[in-house]
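A short write-up of the structure that comes next.
Order of the sequence lines sets the chain letters (A, B, ...), proteins ahead of strands, with each chain counted from 1.
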Amino acid sequence: MSHEWNESVWKLVSFIPQGKVATYGQLAAMLGFPKRARHVGYALKHSPHDMVLPWQRVVNGKGLISFPYQSEQFLMQKAMLEAEGVIVSELGKIQLKTHGWRP
DNA sequence: CTGGTGACGTCTT
DNA sequence: GAAGACGCCACCA
């Protein structure tokens with residue numbers, strides 16, 4: 001069910017360690033649905049506003065922040081990641097080699 | 001039912 | 001590496 005899907009996504013994201021990042025596709029695959037990378041983003045967008053999630057630790061497969069360059073959300077995610085020690089280039093690129101989450 | 005829309009990914013130039 | 005074309009799939013007007 002879609003409701004179950006959202007909850008499993010939120011739960012998994014909450015496990016990403018501080019200072020590490022995961023990709024949408026990686027998380028979807030971990031939940032057993034490698035073709036639903038887009039829906040991980042959907043689940044995050046629709047998470048309760050009062051719920052605290054480390055959503056900033058999720059980027060796309062290229063290691064880029066998936067919000068429009070310099071949009072409010074882009075800048076917020078970049079700032080939050082840098083605040084926890086993740087190196088983010090000016091264009092919003094993360095070095096998955098060093099910050100990638102590997103369970 | 002039909003078409004448009006994404007916080008995405010893979011393959012081909 | 002970069003830029004496009006496709007593929008995917010839940011959701012919604």
So if I take every side-chain heavy atom of [X] and compare against [options], which nucleotide ends up nearest?
X: A:Y42; options: C:dC11, B:dA7, B:dG9; value: C:dC11
X: A:S66; options: C:dC12, C:dC9, B:dC8; value: B:dC8
X: A:N60; options: C:dC8, B:dG9, B:dA7; value: B:dG9

Nearest whole Å is fine: how far is [N] [atom2] from [X] [atom1]?
X: A:F33; N: C:dG7; atom1: CZ; atom2: P; answer: 23 Å
X: A:L64; N: C:dA3; atom1: CG; atom2: C1'; answer: 14 Å
X: A:K78; N: B:dA7; atom1: NZ; atom2: C1'; answer: 18 Å
X: A:R38; N: B:dT5; atom1: CZ; atom2: C1'; answer: 8 Å
X: A:L27; N: C:dC8; atom1: CG; atom2: P; answer: 21 Å
X: A:L81; N: B:dA7; atom1: CG; atom2: P; answer: 18 Å
X: A:N6; N: B:dA7; atom1: CG; atom2: C1'; answer: 13 Å
X: A:K45; N: C:dA10; atom1: NZ; atom2: C1'; answer: 13 Å

### Query
In the single-linkage hydrophobic clustering (I, L, V, M, F, W, Y; side-chain heavy atoms under 4.5 Å), do A:L75 and A:L64 co-cluster?
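No, because A:L75 and A:L64 fall into different hydrophobic clusters, even though each may have its own neighbours under 4.5 Å.
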### Query
Do A:V52 and A:V58 belong together in a cluster built from hydrophobic side chains that touch within less than 4.5 Å?
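Per the 4.5 Å side-chain linkage, A:V52 and A:V58 are not co-clustered.
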### Task
For C:dA10, take OP1 and OP2 only and decide whether either is under 4.0 Å from a side-chain N or O of A:R36.
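The answer is yes; a side-chain N or O of A:R36 sits under 4.0 Å from OP1 or OP2.
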#### Entry: Salt-bridge contact A:E7-A:K11 (side-chain N to carboxylate O under 4.0 Å)
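Answer for the salt bridge query: no.
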### Message
At 4.0 Å (heavy atoms only), tell me whether A:F67 reaches a base, stays on the sugar-phosphate, or touches nothing.
### Response
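A:F67: base contact, heavy atoms under 4.0 Å.
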### Query
Which part of the nucleic acid, if any, lies within reach of A:K35 when heavy atoms closer than 4.0 Å are counted: base, sugar-phosphate only, or nothing?
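It contacts sugar-phosphate atoms only.
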### Message
Should the side chain of A:Y24 and the base of B:dA7 be counted as holding a donor-acceptor pair, with the cut-off at 3.5 Å?
### Response
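Indeed, a donor on one side and an acceptor on the other fall under 3.5 Å apart.
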### Message
Taking B:dA7 as the reference, what is the distance to C:dC6 when you measure between their P atoms (whole Å, please)?
### Response
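The same atom, P, in both gives a distance of 22 Å.
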### Task
Using side chain to side chain contact (heavy atoms under 4.5 Å, CB included) as the criterion, point out the one residue from A:N60, A:V86, A:I87 that pairs with A:I94.
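The passing option is A:V86.
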### Query
Which of parallel (below 30°), tilted (30 to 60°) and perpendicular (above 60°) describes A:Y42 and A:H46?
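The arrangement is tilted - the two ring planes meet at 30° to 60°.
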